[in-house]
Amino acid sequence: MDEKRTLAEIKSAKLEAKDAERVAMQTFRDKSALLEVYTKASIKLYKQLVQMKAKQHQVNSAKIIERDLNVLEANTDDLAQRVFNAVPSPYRRRKDFLWNQLIRAYAWEGPFKKAIDLYHEMVDFGVKPTNYTYPVVLKACAALRDTETGVKIHGDLERLGLGADVFVCTALVDFYVKCGCLGQAWEVFDGMPHRDIVAWNAMIAGCAAHGLFGDVLGLVLEMQEEGVSPNSSTLVTILPVIGEANEVTLGKAVHGLCLRKGVYGDVVVGTALLDMYGRCGLLNYARRIFDGMSLKNEVTWSAMVGACITCDSMEDGLQLFRQMRAENSGDSPSPVALAAVIRGFAKLIDVEAAKQLHGYTLKLGSILDLMVGNTLLSLYAKCGIINDALRFFEEMNFKDSVSYSALISGCVQNGMAEEALKLFRKMWLFGVEPESATIMGLFPACSYLAALRPGRCAHGFSIRRGFTEDVSVSNALVDMYAKCGKIDVARIVFNKMHKRDVVSWNAMIIGYGIHGLGLEAISLFQNMLVVGQKPDDVTFISLLSACSHAGLIAEGMQWFHSMGKQFSIKPRIDHYLCIVDLLSRGGSLEDAYKIIREMPLEPDIRIWNALLSACRIYKKVELVEEISNKIQSLGPEGTGNLVLLSNIYSTAGRWDDAADVRVMQKGLGFKKIPGSSWIEVDRVIHAFLGGDQSHPESARIHAKLLELQAEMKKMGYSAEANFVYQDVEEEEKELILLYHSEKLAVAFGLLNIHGKSPILVTKNLRVCGDCHTALKIITIITERRITLRDTVRFHHFYNGKCSCGDFW
DNA sequence: TTAGGGTTAG
């Protein structure tokens with residue numbers, strides 16, 4: 001574009017605008033329209049000039065022109081308003097087009113509020129709006145999500161019988177779509193006697209925004225049946241939906257349609273096409289389109305880099321990014337492409353490379369984009385360096401709900417659920433609006449902590465915001481209630497869901513499993529098959545572990561055998577783990593060992609661990625030596641298991657062997673995870689480590705436990721010293737057991753939760769055998785219900801019994 | 001037309 005010519009054009013447009021103004025002022029006639037056209041034209045030309053300067057990297061001149069532009073834009077409103085104000089009242093009353101013209105000027109690019117205010121003023125003034133007025137006002141309502149005015153207009157239209165106009169109806173559809181009221185949009189759309197391409201596109205865009213793949217497809221077919229052919233705008237709307245739904249065949253069909261319609265050369269269509277192929281995992285197709293495009297813009301390049309990353313082709317992505325940089329050396333790199341590359345490094349867990357890239361772009365002088373910052377934040381969290389993520393978060397100048405969401409879920413993934421809850425509160429305090437993804441990160445934090453109260457609050461909040469409409473949010477909700485001990489509430493939420501996916505069913509089956517309700521889990525699984533929901537690999541892990549916790553050995557074996565035969569799901573190592581666990585905890589150690597020997601996969605440490613734990617419970621020391629050899633042949637991977645091995649030697653009184661194992665363990669740099677338990681009292685979560693004396697109420701807690709111990713002894717309890725694996729005096733063993741983290745938390749609960757309220761304690765490891773026995777007796781002494789949730793299930797203690805029937 | 005945060009199991 002020629003700069004001089006542009007400047008000349010602006011000049012003449014300005015002059016003409018001035019003329020128009022003069023003429024308009026004199027005649028009060030429809031010159032106002034002319035005036036608007038001229039002013040808009042010069043604004044458009046100015047905008048082109050700014051872009052030109054920016055492209056040439058003349059930042060300062062671009063800024064100066066931009067300032068002029070702002071003045072001009074501000075004046076447009078003034079200008080139009082001045083003309084309007086000059087019109088005498090009686091004339092104004094008669095001429096609706098004057099109002100329409102001004103409303104249209106405001107509704108075009110804002111300020112939208114003025115358009116709506118003017119519309120109200122017009123009605124109050126006694127001027128009747130026309131079919132020309134409504135679409136324009138509705139556009140402003142849509143922009144501001146002003147449902148009140150929009151809905152009122154809709155009502156007026158129905159009363160006046162003006163609702164048949166294509167433009168008005170299309171504007172109504174668009175208004176409802178933009179306000180998220182899809183139902184109302186459908187209603188208007190279905191009632192239209194004629195629909196043009198714009199109406200179809202509006203409705204399609206609405207369904208696309210809600211991810212309704214089936215509806216989008218149906219509409220596209222229907223419009224063609226009615227003789228309306230999709231245009232490039234339609235195609236560009238449906239392509240991302242097709243990509244999201246992974247519908248390759250359909251995508252290829254649309255590709256063909258693009259070729260037939262000759263819109264293939266369009267940059268926007270081309271970009272949407274390559275993006276679709278990228279999402280479907282067909283990188284070669286995407287690349288072929290990219291290479292064939294004669295005109296590419298920044299979006300095209302960024303989309304291509306993103307496609308490479310999505311398809312795990314890091315090398316190609318990086319190469320394209322470098323090429324992009326080389327071709328636009330003066331510009332800052334596109335934040336979208338940069339974020340894509342960082343995402344690629346996150347996938348590879350290559351923090352160093354990502355940091356280098358980050359530093360490099362900072363050096364280039366690009367302002368740190370919020371999106372890029374958020375990508376980095378999530379990179380740190382995903383790579384497990386959560387402290388770096390927290391530090392980076394503090395250093396960020398701008399934070400939005402995505403930043404908070406990324407950090408909240410990052411904390412949970414790194415076992416810092418309490419920090420996640422704190423962050424959520426902080427976010428609330430700073431007035432940052434949580435989104436559905438934030439809640440999806442928050443629920444797992446509540447699940448982890450068994451923190452029902454914040455979970456319930458977040459549930460209420462989600463209902464008010466309509467988040468629970470989202471299947472994934474409801475899935476997380478089901479999981480939260482189940483893990484907080486409210487299995488019946490979980491089921492109610494599950495039943496109320498109007499749409500369920502495989503994750504919903506899995507979450508519910510898992511819920512039954514951790515509550516030891518194996519039969520319910522099986523029954524739900526059968527229900528799932530009846531309604532036609534296909535199970536996946538996770539379903540079987542959930543089902544098998546549910547059988548395992550409930551001691552349903554025959555049922556578990558039956559489903560294990562059918563998963564390959566009936567459902568064509570190849571058992572993974574995790575499935576074998578469940579089945580070995582099921583058999584060995586049920587006492588069939590030989591059968592379990594047989595499965596291990598015959599399985600087509602190499603048994604890993606967890607498999608041996610399951611068998612080894614059972615060896616301890618059933619005191620089968622003869623198998624231990626054999627397993628121990630197998631474990632040692634695993635090399636460094638076997639380290640974690642040495643804890644158990646040394647424990648078994650200790651139990652058998654073979655202290656020297658136990659010590660040898662521990663020395664070996666130390667050499668391999670293994671750290672035992674300390675057992676910790678926590679309990680919520682008055683909205684505060686109190687955490688305890690084994691033998692912990694750091695709690696302010698420590699003295700009272702210890703005294704309470706000693707008091708309980710004395711009573712327990714009267715009832716025939718003796719500490720099961722073989723759960724202590726250190727070679728120490730019996731008396732000391734007793735104390736080590738007495739101050740186990742779960743007992744500390746229970747004692748704290750008894751001291752601080754008054755009346756007969758039940759006590760809920762959560763533990764980060766599996767419950768210790770001695771604690772299990774002790775808690776049963778404590779429920780008799782205190783007449784309290786105590787629930788202990790460990791890593792695999794709930795134990796409900798009451799009246800000397802446990803819901804697990806001592807099978808755990 | 002591209003883009004950051006997200007649910008179940010182990």
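None of these values were measured; they are calculated from a predicted model.
At the heavy-atom level, A:R343 lies under 4.0 Å from the strands shown only through sugar-phosphate atoms. Among the heavy atoms of the strands, none lies under 4.0 Å from A:D501. Using a 4.0 Å heavy-atom criterion, one finds that A:R500 contacts no nucleic acid atom at all. If you check every strand for non-hydrogen atoms under 4.0 Å, A:K483 touches sugar and phosphate atoms only. The residue A:V236 sits close only to the backbone: its heavy atoms come under 4.0 Å of sugar-phosphate atoms, none of a base. Looking at heavy-atom distances under 4.0 Å, A:E435 makes contact with a base.
With sequence neighbours left out, the ring-ring contact (aromatic ring centres under 6.0 Å, His included) criterion links A:H459 to A:Y481. Residues that satisfy the side chain to side chain contact (heavy atoms under 4.5 Å, CB included) test with A:E327, not counting sequence neighbours, are A:W301, A:Q323. Under the rule for a side chain to side chain contact (heavy atoms under 4.5 Å, CB included), the partners of A:V432 that lie at least two apart in sequence or sit in another chain are A:S401, A:Y404, A:M427, A:F430.
Within residues 531-544 of chain A, the residues that place at least one heavy atom under 4.0 Å from DNA chain B are, in residue-number order, A:V538, A:I541. Near DNA chain B, defined here as any heavy-atom distance below 4.0 Å, the residues from residues 399-408 of chain A are A:D400, A:S401, A:V402, A:S405, A:A406, listed numerically.
Checked against the 6.0 Å centroid threshold, A:F540 and A:F560 do not count as a close aromatic pair. Checked against the 6.0 Å centroid threshold, A:W505 and A:F525 do not count as a close aromatic pair.
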Please report the C-alpha distance between A:S472 and A:V503 in whole Å, then the side-chain angles of each, then the deciding distance to 0.1 Å, and finally whether the side chain to side chain contact (heavy atoms under 4.5 Å, CB included) criterion is met. CA-CA 8 Å; A:S472 307; A:V503 178; over 6 Å; no
TODO: Might you work through the side chain to side chain contact (heavy atoms under 4.5 Å, CB included) test for A:M276 and A:E244, ending with a clear yes or no?
DONE: CA-CA 8 Å; A:M276 180 274 294; A:E244 201 54 56; over 6 Å; no
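Under the 4.0 Å criterion applied to side-chain N and carboxylate O atoms, A:D501 and A:K534 are not assigned as salt-bridge partners. Under a 4.0 Å N-O distance rule, the pair A:E419/A:R425 does not qualify as a salt bridge.
Of the N and O atoms on the side chains of A:T300 and A:T271, at least one donor lies less than 3.5 Å from an acceptor on the other residue. Using modelled atom types, one finds no donor on one side chain facing an acceptor on the other under 3.5 Å when comparing A:T310 with A:R279.
On the nucleic acid side, DNA chain B contacts chain A at distances under 4.0 Å to non-hydrogen atoms, with the end points of that region at B:dT1 to B:dG10.
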